[in-house]
There are 2 protein chains.
Amino acid sequence: MERPELPLPQLHAFVVLAEELHFGHAAARLGIAQPPLSQQIRRLEDKVGHPLFRRDPGGAALTPAGRELLPAARRALTDLADALAAARAVGSGEAGRLRIGFSASLALTVLPGLLDTFRQRSPAVRLDVREMTSAPQVAALLERTVDVGLLREPPADEPRLRFRTVLTEPFVAVLPAHHPLAGRRTVRLERLADEPFVLLPREEGPQLYDRITGLCAGAGFTPAIAQHAVEWQTVCALVGAGLGVSLAPESIRRIRLRGVAFRRIEPGTARTRVAVAWRADDPDPLVHRLLEAVGDGHPAWNG
Amino acid sequence: MERPELPLPQLHAFVVLAEELHFGHAAARLGIAQPPLSQQIRRLEDKVGHPLFRRDPGGAALTPAGRELLPAARRALTDLADALAAARAVGSGEAGRLRIGFSASLALTVLPGLLDTFRQRSPAVRLDVREMTSAPQVAALLERTVDVGLLREPPADEPRLRFRTVLTEPFVAVLPAHHPLAGRRTVRLERLADEPFVLLPREEGPQLYDRITGLCAGAGFTPAIAQHAVEWQTVCALVGAGLGVSLAPESIRRIRLRGVAFRRIEPGTARTRVAVAWRADDPDPLVHRLLEAVGDGHPAWNG
DNA sequence: GCGTTCCATATCTCCAGGGATATCAGACCG
DNA sequence: CGGTCTGATATCCCTGGAGATATGGAACGC
């Protein structure tokens with residue numbers, strides 16, 4: 001690509017003159033006097049090396065060379081004006097694209113409300129929403145394949161990212177419906193000590209995993225993992241099939257499955273955090289718009 | 001169309017930097033020092049109102065706004081460069097379009113050679129060739145629907161046009177083959193005094209028409225027009241059918257038709273001119289290129 | 001013939017933009 | 001901790017473009 005030879009202001013004058021075919025009128029439309037316009041055109045013609053207009057009494061007319069130049073000049077001007085407007089819209093966060101990763105368990109709780117308020121405020125923004133567990137979200141944020149994450153139990157040792165808590169919720173025990181413990185309103189944690197557990201694999205979300213095993217440790221036992229499943233949906237299904245019990249954030253109660261019971265646990269103080277995550281240095285205004293939406297549009301969700 | 005806000009040099013710098021993603025390298029490619037490049041980019045970002053690049057150690061990266069602007073900037077630059085080259089080609093006569101009107105009687109004589117030499121010299125030029133009689137050619141030249149005309153007997157009273165003689169040729173008598181006069185090598189003009197004539201209508205080419213009737217007048221008679229026809233081809237056919245005789249430029253001998261005889265006339269001094277015509281004020285280089293082709297490429301045509 | 005219209009020329013002012021050099025500041029690395 | 005990347009800042013110069021006003025000159029119409 002070589003350095004541009006034709007200044008845009010001259011091309012602008014050229015296009016307007018080509019439309020008016022009259023130096024006086026064109027100058028008026030450009031908001032300048034007539035002699036400067038003559039100069040602009042002359043300079044442009046000098047650079048092209050050939051006349052672009054025939055001047056005859058009564059007006060001007062394009063030469064073949066001028067006819068050749070006109071469409072490109074017009075296109076370049078409108079293209080640039082459009083692109084500038086688009087770039088400004090993107091820059092100001094009125095338009096663009098935002099890639100959001102989210103944990104599947106949030107698809108039925110915070111996510112819909114969040115997307116809703118955001119879309120209402122920024123209808124021109126395209127949202128790419130992709131389901132992924134916590135650890136991949138962190139990785140995706142760092143390698144910039146995702147702009148915002150919505151995850152559980154944000155890692156504390158990640159200074160390149162920022163987190164903001166969206167909500168906290170208690171844990172519940174997930175039990176087969178026919179299980180003896182399902183007969184009571186609440187379940188004491190230590191009663192699960194001898195039960196086989198069904199959990200997400202630790203790699204998918206180390207923080208949440210450690211949180212859960214930590215709860216068990218607090219109740220004096222180490223859970224025996226009988227089975228892994230990568231989605232809460234599956235965890236519940238396996239519990240319902242009698243493969244074991246589980247501990248889960250309360251919001252997965254939304255997953256209604258035959259043969260599965262959810263019970264509050266005792267002590268009920270332990271809560272799990274759901275947070276939005278973003279790159280600490282990300283200047284993208286869309287990210288900050290989304291954060292506002294998180295702050296304001298408080299989830300119409302209650303347990 | 002509003003006045004352009006983004007100077008092309010800055011967009012050029014922007015595109016190069018977007019390709020290099022490195023201020024130093026981009027500056028080198030632009031042939032300038034690094035600080036000026038930083039300034040260019042900053043000025044551009046100021047005008048857009050938003051940053052276009054993230055600067056991080058190890059290089060630069062496009063922001064969403066920058067990504068939005070890039071394709072249009074690139075397109076505008078290449079479009080303009082291409083259009084400039086095209087306009088220069090057209091302006092210098094290396095390319096473009098030339099609209100040529102010609103009298104049908106020349107299609108078999110001067111026209112092919114002329115087009116041939118011109119096309120060899122200017123292969124990138126598109127030629128629009130359209131058949132039309134003399135008077136319409138003059139009109140088309142004046143209203144600029146044709147750039148060059150190739151016609152017989154150029155009018156003398158048309159100062160807005162210029163003419164250059166391509167060739168002159170004698171007249172011949174067109175006779176039915178069985179006509180008594182066809183028995184001799186030559187025909188004295190006054191022998192045609194009592195014959196019915198077939199001619200082109202005067203409106204199609206007043207000069208030639210007047211030339212022919214003038215010849216008759218010189219021989220002491222006024223021809224009786226029995227029939228009009230708008231093409232020489234048709235004139236000959238009508239003569240062959242016995243509707244009359246005619247006087248025509250020698251080159252129409254090329255039209256070989258059964259039952260038609262061509263004979264030189266006496267006196268044989270009268271000749272008809274074929275000329276190229278163009279607008280006196282036409283600056284189009286293609287026109288002048290064609291005139292050169294007329295001058296040089298002397299018709300490989302001999303009666 | 002004279003005024004009008006339309007564009008060109010001549011001249012001047014002004015300033016934004018592009019360029020250079022020198023220097024600074026942060027991040028990374030051995 | 002100093003060297004080496006990165007890009008940013010600070011100054012300065014200078015050109016060229018864009019604007020204005022005043023005037024000239026050709027073509028057309030009444």
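Keep in mind that the numbers below use all heavy atoms, side chains included, and drop hydrogens, waters and symmetry copies. As the structure is a prediction and not an experimental result, all values here were calculated from the model. Below, chains carry the letters A, B, ... as their sequence lines are ordered, and counting in each starts from 1.
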Tell me the interatomic distance from [X], atom [atom1], to [N], atom [atom2], rounded to whole angstroms.
| X | N | atom1 | atom2 | result |
| --- | --- | --- | --- | --- |
| B:Leu6 | C:dG18 | CG | C1' | 17 Å |
| A:Gln34 | D:dG19 | CD | C1' | 13 Å |
| A:Arg42 | C:dT9 | CZ | C1' | 9 Å |
| B:Phe14 | C:dG18 | CZ | P | 15 Å |
| A:His12 | D:dG19 | NE2 | P | 11 Å |
| A:Ile41 | D:dG19 | CD1 | C1' | 15 Å |
| A:Arg54 | C:dA8 | CZ | P | 13 Å |
| A:Leu37 | D:dG17 | CG | C1' | 14 Å |

OP1 or OP2 of D:dA8 less than 4.0 angstrom from a side-chain nitrogen or oxygen of B:Ser38, does that happen here?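 Indeed, a polar side-chain atom of B:Ser38 lies that close.
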
With nearest nucleotide decided by heavy atoms, which residue, B:Pro36 or A:Arg55, maps closer to the 5′ end of DNA chain C?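 Comparing both residues, the 5'-ward one is A:Arg55.
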
On DNA chain C, check which nucleotide each of A:Asp56 and B:Leu8 is closest to and give me the residue with the more 5' one.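 That would be A:Asp56.
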
Residues [X] and [Y] bridged, charged N to O under 4.0 Å:
| X | Y | result |
| --- | --- | --- |
| B:Asp210 | B:Arg202 | yes |
| B:Arg88 | B:Glu94 | no |
| A:Glu153 | A:Arg211 | yes |
| B:Glu19 | B:Arg74 | yes |
| B:Arg55 | B:Glu45 | yes |

Side chain [X], main chain [Y], donor-acceptor under 3.5 Å:
| X | Y | result |
| --- | --- | --- |
| A:Ser134 | A:Gly205 | no |
| A:Thr168 | A:Thr272 | no |
| B:Thr63 | B:Pro51 | yes |

Look at all strands and tell whether A:Pro9 reaches a base, only sugar-phosphate, or nothing, counting heavy atoms closer than 4.0 Å.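 Sugar-phosphate: the residue A:Pro9, judged by heavy atoms under 4.0 Å, touches backbone atoms but no base.
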
So what does A:Gln10 hit on the nucleic acid, given a heavy-atom distance under 4.0 Å: a base, only sugar-phosphate, or nothing?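 Sugar-phosphate: the residue A:Gln10, judged by heavy atoms under 4.0 Å, touches backbone atoms but no base.
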
Side-chain donor/acceptor of A:Gln40 to base of D:dA18, under 3.5 Å: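 A donor-acceptor contact between them is absent.
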
On DNA chain D, nearest-nucleotide positions of A:Pro35 versus A:Pro7: which is more 5'?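 Looking at the nearest nucleotide for each, A:Pro7 comes out on the 5' side.
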
Hey, are A:Gln137 and A:Thr133 close enough side-chain-wise for a donor-acceptor pair under 3.5 Å?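 No.
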
Consider side-chain hydrogen bond (donor to acceptor under 3.5 Å, both in side chains). Of B:Asp147, B:Asp284, B:Asp128, which one does B:Arg97 pass it with?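 Single pass found, and it is B:Asp128.
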
Pairs under 3.5 Å (N/O, protein and nucleotides 11-16 of chain D):
residue : atom : partner : partner atom : Å
D:dT11  : O4   : B:Gln39 : NE2          : 3.4

Under a 4.0 Å heavy-atom cut-off, which of residues 21-33 of chain B touch DNA chain D?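 Those residues whose heavy atoms fall under 4.0 Å from DNA chain D, taken from residues 21-33 of chain B in numerical order, are B:His22, B:Phe23, B:Gly24.
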
